[in-house]
K.L.:
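Pasting a structure below so you can have a look.
Order of appearance sets the numbers: ligands from 1, and atoms from 1 within every ligand.
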Amino acid sequence: MVAPDTGARAPLSEHLPRTTGMDRILIRGGNRLSGTIPISGAKNAALPLMAAALLTEKTLRLTNLPYLADITSMANLLIQFGVEVSIDGDNNGENGRAIDMTAAQILDTTAPYDLVRKMRASVLVLGPLVARFGNAEVSLPGGCAIGTRPIDLHLGGLETLGAEIELEGGYVRVTAPKGLTGARVEFPKVSVGATENLMMAACLAKGETELVNAAREPEIVDLANCLTAMGAKIGGVGTDTLTIQGVDELGAAEHRILPDRIETGTYAVAAAITGGDVELRNTDYALIAALAEKMEEGGISVTATEGGVKVACPNGRVDGVDVKTEPYPGFPTDLQAQYMALMTMARGASMITETIFENRFMHVPELVRMGANINVHDSSAMVRGVKRLTGAPVMATDLRASVSLVLAGLAAEGETIVNRVYHLDRGYERLEQKLAACGVDIERLKT
Ligand code: EPZ
């Protein structure tokens, strides 16, 4: 879509959620959740899948697209490069939206700081741009609230495929004038983003690439399935060793984005923390197996149903159960804050250890303000269950910390006001509507 006057590419923002400034969410706690919640397409699958559109001049169509601010950011970044983007579907529907992306006329391969700093997943355009066009310039994302978030594994892997890396002025410039050449890339540590970037780049490299110690998240399997539909040749999908045979070009495809396992887990906790009984639809028990096992150990009933997962809390309170976050299929770091909220009112204590990010306990002081009993020692938090939480005005600093405060507010006595709701809008589609439909007294306070 091109603005008539300047030729500058009009952003898509009118189709997708605008950033919601300083809106706040007010929750009056104490209601049990009951009913059904439709789960949306996975944010952390949609973002790399959208970047994959850069690998071909043909149209990539993604369905079950979630309605999230991060999707807006990625769509606008693609438009900035010259990708034709169109989105259709009901902005309030339960079936997600469809997005068509055609990267036929790429005019620019620079991802500017003001876009990248808002959404680190912008670095996922590096692999596709270098593989197809031989160059890319992406602002270094910088750190975020949960950690320094380096991209050395992404850059090291691209270098192994023959790219040249230059760091200058806060930007990383990656060039491969003669194209990329397949090679063996062994990741010193498991990285979701680096695995995605390298898998996409390897699709158009000359010869075979082997990715060793690759991440195995369902979102990576989903991306591999989409790339295969586009004509890529990928072996070992779902394992920690991926082999990719480079091809000359990729073609058109239509791909349905898999359900969001973090959203699924978040609402499973919402049901449990309120002693409720909820069916999560359009999702799959296998996507939250690690969380389900811990919740079942604590006495919550989590069962697979025809179209999703049923969560019930028969004996009112969960028992404390220890958790350590690990790469998939271990307990996901993205559910650590939500699980901690559940443990604040458990019978007994639980030790929660975060092994993926160096600073992912920002929800702790806010939960303590609501009456939780939590002590942090290095990368572990000891949570001693209390009888009740009390509502309070709380502030969050990242997406998952924000939602853990919402979860605590569902069960707390009195009113909880969660500030900086824009964090939530990055990762949770229609949060208030989905919770209100299950009996929660919740509203958004517009500023
Ligand atoms: C993805 O981030 C997710 N984001 C994160 O979800 C998720 O927490 C994370 O994977 C882990 O599962 C998206 O998929 C868009 P990593 P990513 O590379 O790829 C270190 C959310 O809430 N590392 O697997 O950035 C890194 O610092 C977000 O939805 C390097 O050292 O995560 C971290 O300690 C938050 N060098 C660890 O590896 C690198 O080059 C795992 O990071 C890359 C990463």
K.L.:
Hydrogens and angles aside, do Ser40 and Tyr67 bring a side-chain donor and acceptor to less than 3.5 Å of each other?
P.N.:
no
K.L.:
Under 3.5 Å between any N/O of Leu153 and any N/O of ligand 1: does that happen in this structure?
P.N.:
yes
K.L.:
Tell me which part of Glu354 gets within contact of ligand 1: side chain, backbone, both or neither, using heavy atoms under 4.0 Å.
P.N.:
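Answer for Glu354: neither.
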K.L.:
Which option, Ser191, Pro150, Gly330, Gly193, owns the non-hydrogen atom nearest atom 39 (C) of ligand 1?
P.N.:
Pro150
K.L.:
When only distance counts, is Ala194 in polar contact with ligand 1, meaning an N/O pair under 3.5 Å?
P.N.:
no
K.L.:
With a 3.5 Å cut-off and no angle check, do the side chains of His255 and Asp222 form a donor-acceptor pair?
P.N.:
yes
K.L.:
Charged N to carboxylate O below 4.0 Å: is that the case for Lys434 and Glu432?
P.N.:
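A salt bridge is absent here (no side-chain N lies under 4.0 Å from a carboxylate O).
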K.L.:
At a non-hydrogen distance cut-off of under 4.0 Å, which region of Thr333 contacts ligand 1 (side chain, backbone, both, or neither)?
P.N.:
side chain
K.L.:
What part of Glu219, side chain from CB on, backbone N/CA/C/O, both or neither, has a heavy atom under 4.0 Å from ligand 1?
P.N.:
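The answer is neither.
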K.L.:
For atom 28 (C) of ligand 1, what is the nearest protein heavy atom, given as residue, atom name and distance?
P.N.:
Asp334 OD2, 3.8 Å
K.L.:
Can you check whether Arg400 has an N/O within less than 3.5 Å of an N/O in ligand 1?
P.N.:
yes
K.L.:
Quick one: does Val192 get an N or O within less than 3.5 Å of an N or O on ligand 1?
P.N.:
yes
K.L.:
Under 4.0 angstrom from ligand 1, any heavy atom of Gly427?
P.N.:
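Gly427: no contact with ligand 1 (<4.0 Å).
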K.L.:
Does Glu263 form a salt bridge (charged side-chain N to carboxylate O under 4.0 Å, His left out) with Lys43? I'd like the steps, not just the answer.
P.N.:
CA-CA 9 Å; Glu263 188 192 19; Lys43 165 179 85 82; over 6 Å; no
K.L.:
Is there a polar contact, in the sense of an N or O pair closer than 3.5 Å, between Asp152 and ligand 1?
P.N.:
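Right, the criterion is met.
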K.L.:
With a cut-off of 6.0 Å (strictly less than), are more than 12 heavy atoms of other residues, nucleotides or ligands near CG of Asp378?
P.N.:
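No, the 6.0 Å shell around CG holds no more than 12 heavy atoms from other groups.
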K.L.:
Relative to ligand 1, is Lys189 under 4.0 angstrom through side chain, backbone, both or neither, heavy atoms considered?
P.N.:
side chain
